[in-house]
K.L.:
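Okay, here's the structure, questions in a sec.
Please read these numbers as outputs of a predicted model, since none were measured by experiment. Within every chain, numbering begins at 1; the chains are lettered A, B, ... in the order of the sequence lines, protein sequences first and strands thereafter.
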Number of protein chains: 2
Amino acid sequence: MTLTRKSLRQQIKEILLTRILQGEYQPGDRLIELQIAQEFGTSQAPVRESLRELEALGFVESIPYRGARVRAVSQQELAEVYPVRAAIEEVAARAAAARLAGDVSALEAEIAAMHRAADDGDLYAQVCHDVAFHRLIVEACGNRVLQEVWRSLRIEARTLISVVKTEIEPHQLADMHRPILEALRAGDGELAGRLLRQHVEFFGELVLKGEHA
Amino acid sequence: MTLTRKSLRQQIKEILLTRILQGEYQPGDRLIELQIAQEFGTSQAPVRESLRELEALGFVESIPYRGARVRAVSQQELAEVYPVRAAIEEVAARAAAARLAGDVSALEAEIAAMHRAADDGDLYAQVCHDVAFHRLIVEACGNRVLQEVWRSLRIEARTLISVVKTEIEPHQLADMHRPILEALRAGDGELAGRLLRQHVEFFGELVLKGEHA
DNA sequence: TGACTTTCGTTTATCGATAATTTATTCTTG
DNA sequence: CAAGAATAAATTATCGATAAACGAAAGTCA
């Protein structure tokens, strides 16, 4: 009788992903199938499938017969995400304005949480709530394809890197979300979209500037 | 000595994908691992991995212990692709205008090919060149992330469905691309982006209208 | 010495078989 | 006859072992 509800593949994938996101595995580190299998007391097969999934998600890259490594996210790639994000979040905001019907309480809560995190000097929490704010808008838009694309950008994993490299006053960062929220409250999707696009593009430019550091 | 250069997994994946795209496997059809393995004379493992990849690509969906099926693309999903496509192709066109430096010969060739296909009444070829036109712009933009997202929309697989359901005169369809080309030739990214966005949105609306059919 | 070949250890890719799970079917039992 | 338990059939998930490919190190010959 197993206590586990999920498949081994799923469990292993999640553990590996956690390790990658938390930096336990560094970019470039090799992920050797049998070695990992041994650690978890499983056979090679589920580990192999996990790695393939992580490869599809873009966290790992592998070469035939040479194995898998943690993928390094280049500064260029990081910067390239922003124009795409800006464009699809604009679309999301336009659609979200109508569907939210002025109910922006969840967004309000995220801004408040950002301020709390800023007070505590908890950078990680601040990033989480920042991302959550954006995710709420994307999820409110009702377009599944858009949501899937947004998720595929893996913004959680990348934003953290960006923020660390930029130098913005945390409370100011939180307040930058307020005009977007107000536009959504007013049901003005056109405005909300434009503001959100500019907001995201602004950070894209910050990343570009940080490139010389 | 094997004649095959690629891994079994890769080969099987490609064959299965072809069958799905060509409609040999219909949406909802079950893909049974051992059955496929037997057909190709391999073991279950490479088939299984192929199915997992196709699942990640969105062509197949699977439920634990219940197997994989060819994924059905709903009309809704089809319609939802267009706003996303419109947004990212707009970004692509803006960037492409600068990088093409007025060299639109490849685009010109695709429009010509569309007309030839229209003359031949070859709908499939027409769709291919239509998609190729858009792909050329996306590839010219230089943003790898954007390209990856565009590919993930699997426009080849979906456009075919759309076109079949719409009733546009083929030559007219081809000519609709010309203003975009001219804007790119003139290096006016802003205009090219706007035109391309409208162009894609136009088809999105066609799909919506066809929904009642 | 230096380019080429061979050998060896490591790791992935594939295999064949078994365990686990689901669905359908048959068998109770009231 | 219907509801539920037990069983059977089909299929996926996992295993342990083997084959194939790669990279590095040792060996060979001019």
K.L.:
Base, sugar-phosphate, or nothing: which does B:Ile36 touch, judged by heavy atoms less than 4.0 Å apart?
P.N.:
nothing
K.L.:
Distance check needed: D:dC15 C1' versus A:Gln38 CD, whole Å only.
P.N.:
15 Å
K.L.:
Taking CD from A:Gln10 and P from C:dT21, how many angstroms apart are they, rounded to a whole number?
P.N.:
16 Å
K.L.:
Distance check needed: C:dA19 P versus A:Arg9 CZ, whole Å only.
P.N.:
21 Å
K.L.:
Can you tell me if A:Arg48 touches the phosphate of C:dT12, counting only side-chain N or O atoms and a distance under 4.0 Å to OP1 or OP2?
P.N.:
no
K.L.:
Can you find a side chain N or O atom of A:Arg66 that sits less than 4.0 Å from OP1 or OP2 on C:dT11?
P.N.:
no
K.L.:
Just how far, in rounded Å, is P of C:dA13 from CG of A:Leu34?
P.N.:
11 Å
K.L.:
Flag the pair B:Lys13 and B:Glu49 as a salt bridge only when some basic side-chain nitrogen lies within less than 4.0 angstrom of an acidic carboxylate oxygen.
P.N.:
no
K.L.:
Between B:Arg19 and B:Glu39 (salt bridge meaning N to carboxylate O under 4.0 Å), is one present in this structure?
P.N.:
yes
K.L.:
Is it true that B:Arg71 and B:Glu77 have a side-chain N and a carboxylate O under 4.0 angstrom from each other?
P.N.:
yes
K.L.:
Looking across every strand, which nucleic acid part, if any, lies under 4.0 Å from B:Thr42 by heavy atom: base, sugar-phosphate, or nothing?
P.N.:
sugar-phosphate
K.L.:
Look at the side chain of A:Glu49 against the base of D:dA13 and say whether a donor-acceptor pair falls under 3.5 Å; ignore hydrogens and angles.
P.N.:
no
K.L.:
With respect to the phosphate group of C:dT11, does any side-chain polar atom (N or O) of A:Arg69 fall under 4.0 Å of OP1 or OP2?
P.N.:
no
K.L.:
With heavy atoms under 4.0 Å as the rule, sort A:Leu51 into base, sugar-phosphate or nothing.
P.N.:
nothing
K.L.:
Are A:Arg144 and B:Glu80 ion-paired here, with the side-chain N under 4.0 Å from a carboxylate O?
P.N.:
no
K.L.:
Counting any heavy atom closer than 4.0 Å, what does B:Gln44 reach on the DNA or RNA strands: base, sugar-phosphate only, or nothing?
P.N.:
base
K.L.:
For B:Ile32, report the nucleic acid contact type (base, sugar-phosphate, nothing); a contact means any heavy atom under 4.0 Å.
P.N.:
sugar-phosphate
K.L.:
Between P on C:dT14 and CZ on B:Phe40, what's the gap in Å once rounded to a whole number?
P.N.:
14 Å
K.L.:
Please pick, from D:dA13, D:dC15, C:dA13, the nucleotide with the shortest atom-to-atom distance to any side-chain atom of B:Glu33.
P.N.:
D:dA13
K.L.:
Indicate, with yes or no, if the rings of A:His115 and A:His129 have centres closer together than 6.0 Å.
P.N.:
no
K.L.:
In whole angstroms, how far is the C1' atom of C:dT18 from the OH atom of B:Tyr65?
P.N.:
12 Å
